[in-house]
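Following: one structure in structure tokens, then a few remarks.
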Amino acid sequence: MNDLTPDSKERSTNLKGLGCSRKRVEDVRFVQGKGNYVDDIKLPGMLHGDFVRSPYAHARVISINKEAALALPGVVAVLTAEDLAPLGLHWMPTLAGDKQMVLADGKVLFQGQEVAYVVANDRYIAADAVELVEVEYEELPVLTDPFEALNSDVVLREDLEGQTEGAHGPRKHHNHIFTWEQGEEEATNQVLDSAEVVVTESMYYHRTHPCPLETCGAVASMDAVTGKLTLYGTFQAPHAIRTVVSLISGIEEHNIRVISPDIGGGFGNKVGAYSGYVCSVVASIVTGKPVKWVEDRIENLMTTAFARDYWMTGKIAATKEGKITGLHCQVTADHGGFDACADPTKFPAGFMNICTGSYDIPTAYLAVDGVYTNKAPGGVSYRCSFRVTEAVYFIERMIEVLAIELDMDAAELRRINFIKKEQFPYQSALGWEYDSGDYHRAWDKAMEAVGYQGLRKEQAERVEAFKRGETRKLMGIGLTHFTEIVGAGPVKNCDILGLGMFDSCEIRIHPTGSAIARLGTISQGQGHATTFAQILASEIGLPADSITIEEGDTDTAPYGLGTYGSRSTPVAGAATAMAGRKIRAKAQMIAAYLLEVHDDDVEFDVDRFAVKGAPERFKTMKEIAFAAYNQAIPGLEPGLEAVSYYDPPNMTYPFGAYVCVMDIDVDTGVTEIRRFYALDDCGTRINPMIIEGQVHGGLTEALAVALGQEIAYDEQGNVKTGTLMDFFLPTAWEVPNYETDHTVTPSPHHPIGAKGVGESPHVGGVPCFSNAVHDAFRAFGLRHTNMPHDHWRIWRTANELGLHG
Ligand code: PCD
Ligand SMILES: [Cu+]
């Protein structure tokens, strides 16, 4: 075979490797309704579990009477904390170093908290039996406001009473969890004291919820004969779940098999550990039968991991010309009844210390106080696991407020404060080393694409027309430049429960030149089966179509920390490339042997190794794969396999420039998004089509959060938005036509230069929508108003500004 056609370009295209908008291979099964989700798992003799939940946000549990429930035909068991206590399973550790009740132990701390677990032959009987369990409660005073909680005599966590040391340092009050400080407080105060200009603003980033299409669920199946527990579930981190289940149940880890089947959207909601998982396991052990638990929509919205709920006060100092000199950020974080945030251990407030954003701010200080209240625990989720959304919202609002104070254009203010290209790697005042960036290039491209000057002119004319009474619509131009931080993370500073946050890939090349690769991550819709095969195609020269990607089965996949915080590409993606390179290194030796030259005399060319200077003498990767299994190469083991555990040297720092043009009807508060332009830089792009899909999805979730979505509580701690009647989910009706764009600034430390992208559009999108609303009213004196900007709140803003007559 000495044929040099097709040429390397054509051969490269045929591989469908890096940069190819390869169609998503998983969709073949999804669009035919052939996905396999937790609720599709039906095992012989399977029982069904359902929870009795507390109607009260804070109450003592006086008694639980199971009799009537147990008398219902088909009911197999009713578990309460009393039943779990002898096993030590009535409480479980949280990912944040706190502990959490699995079933109410003496009291309840939030509405919807799990009180008893009913197991029955079928789902409907279980639901009926839930109604028959009689629980007597004694109501206690409810605290839904974290500031009030910090001043109240009411002790929420009686189990922690008298404990002045928490998992993250001293506790100042019985409802206080931790104080986390970063940066230089004194130096920052000095800068603020002597600054030419200082602005202060307080903002509330409301509590919300990712609301994935599929709710959380699990099927536990304990095989009494082999002693092996199989646990299927909606887990974004299957290996970590296996370790946690082993630690709390005492079942040896090799006897636990955790399987995450197809997941119908995770968005961070499925990172944490829930009572439903533990109770299903216990119920399966007790009954000897498989037990399924799948929550309904109301349970999902009311009780599983919320997002945000940050009260943030900022002070920003600048010169009269607009050069920022210091930033002070104080946060009160409402964590609900238990601290169950899924942050790396050393970061109780996630990566909130990325709040200096895209700007070169020499001095900064951040303090976060975590507080218990009578709300659901969680705090991990929603398209940004580690509080980067809050941080970016904070700084991008502060920039706008500073622009107002300085009477400056907000685009120009950003421009003069951006970290410059030559400053990377950039050391931020709050402790991060930004790996790479070119903010000015992205910003200028964005401004030009939208015709920024023209938009401002149009806006000014609109304001004049409004004042003349010719129109009732105002125009807002929302700007955002965000810097994300994804890819947790270096094991030296990132672990969860002591497990270092590396990730992994294991590859087996089959004799005929096709392959399977398994990873420690798990796709929830992101398209990993498509994109990881593309990374490999480019690394090992076999077509992506010949490579199967498998994730989510702990019996087969190498150990990894899972998928959230946009870490799959930065960490597992790197492991994939590194494992591919090991394959290639062995392939090179085999090729050299077959071609009868020295190892150094062959070179890789897309899908083959060829003799240097004699490209007509080559062995394709397919031929090499076969040789690995049938020709004994002296000194080499047969087979072609590799595994890589990758500990990234740093996070990756994707960034982007977004612009939203919005029209607002002052009399109805209705917003109309005329344009949304999103430029994302996620370094080397693996699959542009998937990236575009990620951006559309993230922006739509951003629109939801900024313009209406909220988990709201009343004073008694009742969840007011526990159904989709009250909880805003945008539909095609509300969603605008997004314009996407990109620049490419590769990560210098990632083997293929890729950074994450899944979270970015949400992180950048929320402040951009919010800034557009604010900007529409800038000419009329609005500085800040809290999200969500639903029609009513916008109407009220207009009213308060005196625009209604
Ligand atoms: N440069 C680049 C980057 C990236 N990519 C792609 O894209 C995606 C994504 O990625 P990333 O960024 O790395 O991420 P991941 O890790 O994979 O994932 C995660 C994310 O993802 C997102 N997206 C999504 N999608 C879907 N469909 N679903 C879902 O669920 C979801 N989720 C969300 C979230 S929320 Mo968290 O959890 O809160 O933290 S975080 C998150 C994938 O496929 C990949 O491959 C490409 O292509 N290129
Ligand atoms: Cu994040």
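Each ligand, and each atom within it, is numbered from 1 in the order the structure gives. As the structure is a prediction and not an experimental result, all values here were calculated from the model.
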Report task. May I ask whether G565 places a heavy atom under 4.0 Å from ligand 1? Result -> yes
Query - N or O contact, Q694 vs ligand 1, cut-off under 3.5 Å - result: yes
**Report entry** H749 side chain to T652 side chain, donor-acceptor N/O pair below 3.5 angstrom
**Finding:** no
Query raised in the report: Has ligand 1 got any nitrogen or oxygen that is less than 3.5 angstrom from a nitrogen or oxygen of S566?
Result: yes
Requested in this report: May I ask you to check whether S436 and K755 show a side-chain donor-acceptor distance below 3.5 Å?
Outcome: yes
Report summary line: At under 4.0 Å between heavy atoms, what of Q524 touches ligand 1? The answer is both
Query raised in the report: Going by atom types alone, do D607 and N14 pair a side-chain donor with an acceptor below 3.5 Å?
Result: no
Report task. Please indicate whether any nitrogen or oxygen in G756 is less than 3.5 Å from any nitrogen or oxygen in ligand 1. Result -> no
**Report entry** N or O contact, G525 vs ligand 1, cut-off under 3.5 Å
**Finding:** yes
Query raised in the report: Atoms of ligand 1 less than 4.0 Å from T684 heavy atoms?
Result: 1 (N), 2 (C)
Query raised in the report: Which is closest to atom 17 (O) of ligand 1 by heavy-atom distance: Q526, H528, R24?
Result: H528
Query raised in the report: With distance as the sole criterion, is a donor-acceptor pair present between the side chains of W432 and N353 under 3.5 Å?
Result: yes
Query raised in the report: Any N or O of I691 that comes nearer than 3.5 Å to an N or O of ligand 1?
Result: no
Report summary line: With heavy atoms and a 4.0 Å threshold, my read on which part of V757 contacts ligand 1 is both
Query raised in the report: When you look for heavy atoms under 4.0 Å from ligand 1, do you find them on the side chain of P210, its backbone, both, or neither?
Result: neither
**Report entry** Atoms in ligand 1 with a heavy atom of T563 nearer than 4.0 Å
**Finding:** 15 (P), 16 (O), 18 (O), 19 (C)
Requested in this report: Measure centre to centre between the rings of Y205 and Y310, then say whether the value is under 6.0 Å.
Outcome: no
Query raised in the report: G265 to ligand 1: N or O pair under 3.5 Å?
Result: no
Report task. Give the numbers and elements of all ligand 1 atoms closer than 4.0 Å to a heavy atom of T531. Result -> 43 (O), 44 (C), 45 (O)
Report summary line: One finds that the ligand 1 atoms under 4.0 Å from a non-hydrogen atom of G266 are 29 (C), 30 (O)
Requested in this report: Select one of side chain, backbone, both or neither to describe which atoms of Y382 lie under 4.0 Å from any atom of ligand 1, heavy atoms only.
Outcome: backbone
Report task. Determine whether the side chains of Y559 and D503 contain a donor N or O and an acceptor N or O closer than 3.5 Å. Result -> no
Report task. Check the side chains of S568 and T563 for a donor-acceptor pair under 3.5 angstrom, ignoring hydrogens and angles. Result -> yes
Query - Atoms in ligand 1 flagged as close to K755, the criterion being non-hydrogen separation under 4.0 Å - result: 1 (N), 2 (C), 3 (C)
Query raised in the report: Counting distance only, does the side-chain N/O of K16 pair as donor-acceptor with the main-chain N or O of P543 below 3.5 Å?
Result: no
Query raised in the report: Just checking, is any N or O donor in the side chain of T556 or E550 under 3.5 Å from an acceptor N or O on the other one?
Result: yes
Query raised in the report: Taking N or O atoms only and a 3.5 Å limit, does V271 qualify as a polar contact for ligand 1?
Result: no
Query - Pair Y382-Q709, side-chain donor/acceptor within less than 3.5 Å - result: yes
Report task. Start with the C-alpha gap between E214 and K270, add the side-chain angles, then the distance that decides, and say whether side-chain contact (heavy atoms from CB on, under 4.5 Å) holds. Result -> CA-CA 10 Å; E214 178 203 29; K270 295 165 179 171; 2.9 Å; yes
Query raised in the report: Does R567 count as lying over the ring of Y564, i.e. NZ or CZ under 6.0 Å from the six-ring centre, within 45 degrees of the axis?
Result: yes
Report task. Ignoring angles and geometry beyond distance, decide whether G268 reaches within less than 3.5 Å of ligand 1 through its nitrogen or oxygen atoms. Result -> yes
Query raised in the report: Any donor-acceptor pair under 3.5 Å linking the side chain of R383 with the backbone of G758?
Result: yes
Query raised in the report: Any idea which of A754, P570, S568 brings a heavy atom closest to atom 16 (O) of ligand 1?
Result: S568
Query raised in the report: Checking side-chain contact (heavy atoms from CB on, under 4.5 Å) for the pair Y658/Y738: CA distance, chi angles, key distance, verdict?
Result: CA-CA 11 Å; Y658 290 0; Y738 300 119; over 6 Å; no
Query raised in the report: Just distances here: any N/O of C384 and N/O of ligand 1 closer than 3.5 Å?
Result: yes
Query raised in the report: Of I690, V695, L213, which has the heavy atom at the shortest distance from atom 6 (C) of ligand 1?
Result: I690
Report task. Looking only at distances, please establish whether an N/O atom of ligand 1 is found under 3.5 Å from an N/O atom of R567. Result -> yes
